[in-house]
Amino acid sequence: MSARAKANRLVASVRLSAWVHGHVQGVGFRWWVRSRALELGLTGYAANARDGRVHVVAQGDKAVCEQLLARLNSGETPGRVDVVVDSWHDPGEPISGFSER
């Protein structure tokens, strides 16, 4: 298989956008999300919003993104998650790595 074909196989199939509500800023939440996403092989970012929410964007295989979403809702996170509002999109532009913003 050519390098280009291998790269095409690695292209993300979906983009998850999740708005996490609760006490999720100043408690290591974004670091925790980044760590879980990297363990799962996802790309994207976790960013603080001005209103106290955290916006998580993850790209990869849908089943793997669903695993991250389940972890966001698991009660294992730092701080306190009250609700996660998720939406699913086409992957769009490739994202390199997983960052905290």
Side-chain angles (χ1 to χ4, degrees):
M1 181 180 296
S2 72
R4 184 174 189 95
K6 287 180 185 176
N8 285 340
R9 288 182 56 202
L10 296 176
V11 171
S13 55
V14 296
R15 179 179 287 190
L16 165 66
S17 175
W19 288 94
V20 185
H21 301 248
H23 180 63
V24 290
Q25 289 190 13
V27 294
F29 184 83
R30 290 178 301 142
W31 176 89
W32 182 89
V33 171
R34 180 179 177 273
S35 180
R36 299 298 83 76
L38 290 173
E39 287 173 3
L40 293 168
L42 297 171
T43 61
Y45 59 88
N48 284 341
R50 290 184 180 183
D51 62 4
R53 297 178 298 167
V54 170
H55 186 208
V56 176
V57 173
Q59 275 192 189
D61 180 77
K62 183 168 185 179
V64 179
C65 287
E66 288 171 339
Q67 289 178 37
L68 179 63
L69 183 59
R71 289 183 179 187
L72 293 175
N73 283 296
S74 70
E76 300 172 3
T77 65
R80 183 193 76 249
V81 173
D82 294 333
V83 67
V84 179
V85 178
D86 61 281
S87 59
W88 298 87
H89 310 276
D90 290 334
E93 291 296 317
I95 301 173
S96 178
F98 201 97
S99 62
E100 297 173 50
R101 296 183 182 175

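- Taking a cutoff of 4.0 Å between a charged side-chain nitrogen and a carboxylate oxygen, E76 and R36 do not qualify as a salt bridge.
- Between Y45 and H55, the ring-plane angle classifies as perpendicular under the 30° and 60° cut-offs.
- L40 and Q67 get closest at one heavy-atom pair: CD2-OE1, 3.2 Å.
- In this structure, W32 and P78 approach most closely via the heavy-atom pair CG-CD, 3.4 Å.
- Note that NE2 of H21 and CG of D51 are 7.5 Å apart. Values are rounded to the nearest 0.5 Å.
- For R34 (side chain) and F98 (main-chain N/O), a donor-acceptor pair under 3.5 Å exists by modelled atom type.
- In this structure, G60 and L42 approach most closely via the heavy-atom pair CA-CD2, 3.8 Å.
- H89 NE2 to R15 CZ: the interatomic distance, rounded to the nearest 0.5 Å, is 8.5 Å.
- A donor-acceptor pair is defined here as one N or O able to donate and one able to accept, closer than 3.5 Å; such a pair exists between the side chain of Q25 and the backbone of A49.
- The hydrophobic cluster containing L38 also contains V64, counting ILVMFWY residues as joined when their side-chain heavy atoms lie under 4.5 angstrom apart, directly or transitively.
- Hydrophobic clustering (side-chain heavy atoms under 4.5 Å, transitive across Ile, Leu, Val, Met, Phe, Trp, Tyr) groups V84 together with V14.
- Here E66 contributes atom CD and L68 contributes atom CG; the two are 11.0 Å apart, rounded to the nearest 0.5 Å.
- Between F29 and V24, the shortest heavy-atom distance links the atoms CB-O, 3.1 Å.
- For the atom pair CG (L16) and CD (Q59), the distance works out to 10.0 Å, reported to the nearest 0.5 Å.
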Assess whether side chain to side chain contact (heavy atoms under 4.5 Å, CB included) is satisfied between V33 and V20, documenting all intermediate values. CA-CA 11 Å; V33 171; V20 185; over 6 Å; no
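- At least one donor-acceptor pair under 3.5 Å links the side chain of R30 to the backbone N or O of R101.
- Note on V27: it clusters hydrophobically with L72, by side-chain heavy-atom contacts below 4.5 Å among ILVMFWY residues.
- How far NE2 of H23 is from CG of D82: 10.5 Å, rounded to the nearest 0.5 Å.
- Of the inter-residue distances, the one linking L69 atom CG with D86 atom CG reads 4.5 Å to the nearest 0.5 angstrom.
- The neighbour count for W88 CH2, taken as heavy atoms of other residues, nucleotides or ligands under 6.0 Å away, is above 12.
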